[in-house]
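Inspection log for the structure reproduced underneath, given as structure tokens.
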Amino acid sequence: MNDDFEKAERFSQGRALAAPFLGLLVLLAQQGTLYVFDWGSDSLVQIFVWLGFAIVMLVLLLTGGAWILPARVRRIADDEVSRANRQVAIVTGYIVAMVVCLLVWVISPFEPLHAQRAANMIVSTSLGTAFVAYGLREALGNAAGD
Amino acid sequence: MPLEIENSIRRYREEAGLTQAELAARMAVSRKTVNTVENGVFQPSVAVALKFAAVLGQPVEALFALLEEEAQR
């Protein structure tokens with residue numbers, strides 16, 4: 001079997017394992033388990049570190065990663081099943097984002113939320129669930145067979 | 001979206017003496033694609049269906065068929 005195919009398979013299986021953990025990492029960070037945000041702080045470090053993290057996660061989700069792999073390996077690792085799984089994950093994340101937005105709408109008159117906190121909640125829950133969904137679908141596709 | 005087709009990929013693949021990984025490598029797709037198409041989880045595009053046909057040496061119609069209820073609509 002050719003080397004490109006094996007590299008693509010290894011990457012694909014690694015991605016299927018890593019994606020749910022990345023999703024959980026984003027969700028845990030949002031819960032303040034790993035880092036407690038100072039909402040409304042003008043700390044450039046806080047603003048840009050989280051912004052950079054969120055943008056990288058978003059681009060990873062939209063592209064499927066494998067940025068440093070050769071084009072042919074990337075094509076195999078990002079074939080139509082993988083792209084379809086990513087689309088389902090993105091739709092899942094979108095729906096979660098809408099639900100969280102609606103909850104913010106309902107709750108904020110009674111429990112005022114800083115805009116930064118609301119944005120963090122929406123983006124984090126959306127990205128987190130999208131990654132978990134993507135990883136699970138990839139893992140299911142890799143399971144069984146011969 | 002519910003699947004509209006059934007396939008005979010596994011039968012022809014096993015007749016050809018190929019594993020899913022070997023078939024996937026020849027088609028330049030992931031093993032996941034072969035696995036999900038074979039198990040009826042994923043409905044392939046025309047391009048992938050043609051790749052299956054080319055590698056297995058069978059016409060597309062031998063590999064894929066409309067489900068009976070879809071054919072009768």
Side-chain angles (χ1 to χ4, degrees), chain A residues 1-20 60-61 63-92 94-95 131-146, chain B residues 1-67 69-70 73:
Chain A
M1 239 174 298
N2 68 63
D3 196 40
D4 287 345
F5 173 79
E6 286 172 7
K7 279 182 189 168
E9 281 297 296
R10 276 198 302 273
F11 173 80
S12 180
Q13 285 167 13
R15 180 176 56 192
L17 285 174
L60 258 179
L61 181 66
T63 63
W67 300 326
I68 59 172
L69 293 178
R72 182 172 152 74
V73 175
R74 212 161 47 238
R75 260 197 309 276
I76 297 171
D78 196 39
D79 65 0
E80 65 181 42
V81 168
S82 195
R83 289 196 303 273
N85 287 340
R86 217 163 48 246
Q87 282 183 340
V88 170
I90 289 166
V91 167
T92 303
Y94 172 77
I95 292 170
F131 268 92
V132 171
Y134 183 43
L136 290 177
R137 289 186 69 89
E138 288 282 284
L140 281 172
N142 284 329
D146 53 35
Chain B
M1 190 171 72
L3 294 184
E4 300 165 286
I5 62 175
E6 54 189 0
N7 72 81
S8 310
I9 300 291
R10 184 186 302 272
R11 177 161 71 92
Y12 286 105
R13 176 177 62 77
E14 289 174 348
E15 278 178 14
L18 296 171
T19 63
Q20 287 184 343
E22 286 166 345
L23 176 57
R26 293 185 189 197
M27 290 171 57
V29 297
S30 64
R31 189 191 71 83
K32 178 174 65 246
T33 294
V34 173
N35 189 30
T36 50
V37 171
E38 222 175 71
N39 292 316
V41 171
F42 182 76
Q43 189 164 293
S45 66
V46 170
V48 170
L50 289 170
K51 283 183 184 180
F52 273 112
V55 171
L56 291 174
Q58 299 291 333
V60 171
E61 293 81 3
L63 298 177
F64 300 97
L66 278 173
L67 288 170
E69 54 264 35
E70 292 295 328
R73 280 193 193 179

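Just so we're clear, the structure is a prediction, and the values are computed from it rather than from any experiment. Here is the naming used below: chain letters follow the sequence lines, and residue numbers restart at 1 for every chain. The basis for the numbers below is simple: all heavy atoms, side chains too, and nothing from hydrogens, waters or symmetry mates.
Atom CZ in F5(A) sits 11.5 Å away from atom CZ in R26(B) (nearest 0.5 Å).
For L23(B), the side-chain contact (heavy atoms from CB on, under 4.5 Å) test picks out I9(B), R13(B), L18(B), M27(B), V34(B), F52(B), V55(B), L56(B), with sequence neighbours left out.
Neither the backbone nor the side chain of R75(A) comes within contact range of chain B; no heavy atom of the residue lies under 4.5 Å from a heavy atom of that chain. For chain B, the nearby part of A84(A) is the side chain; its heavy atoms alone come within less than 4.5 Å. Looking at A47(B), neither its backbone nor its side chain comes within 4.5 Å of chain A, counting heavy atoms on both sides.
Between chain B and the residues D4(A), N85(A), V81(A), the most heavy-atom pairs under 4.5 angstrom are made by V81(A).
Side-chain atoms of D79(A) come within 3.5 Å of backbone N or O of S30(B) as a donor-acceptor pair. When atom types are taken as modelled, the side chain of E80(A) and the backbone of P44(B) share no donor-acceptor pair closer than 3.5 angstrom.
Nearest heavy atom pair, residue K32(B) against residue R15(A), reads NZ-NH2, 4.4 Å.
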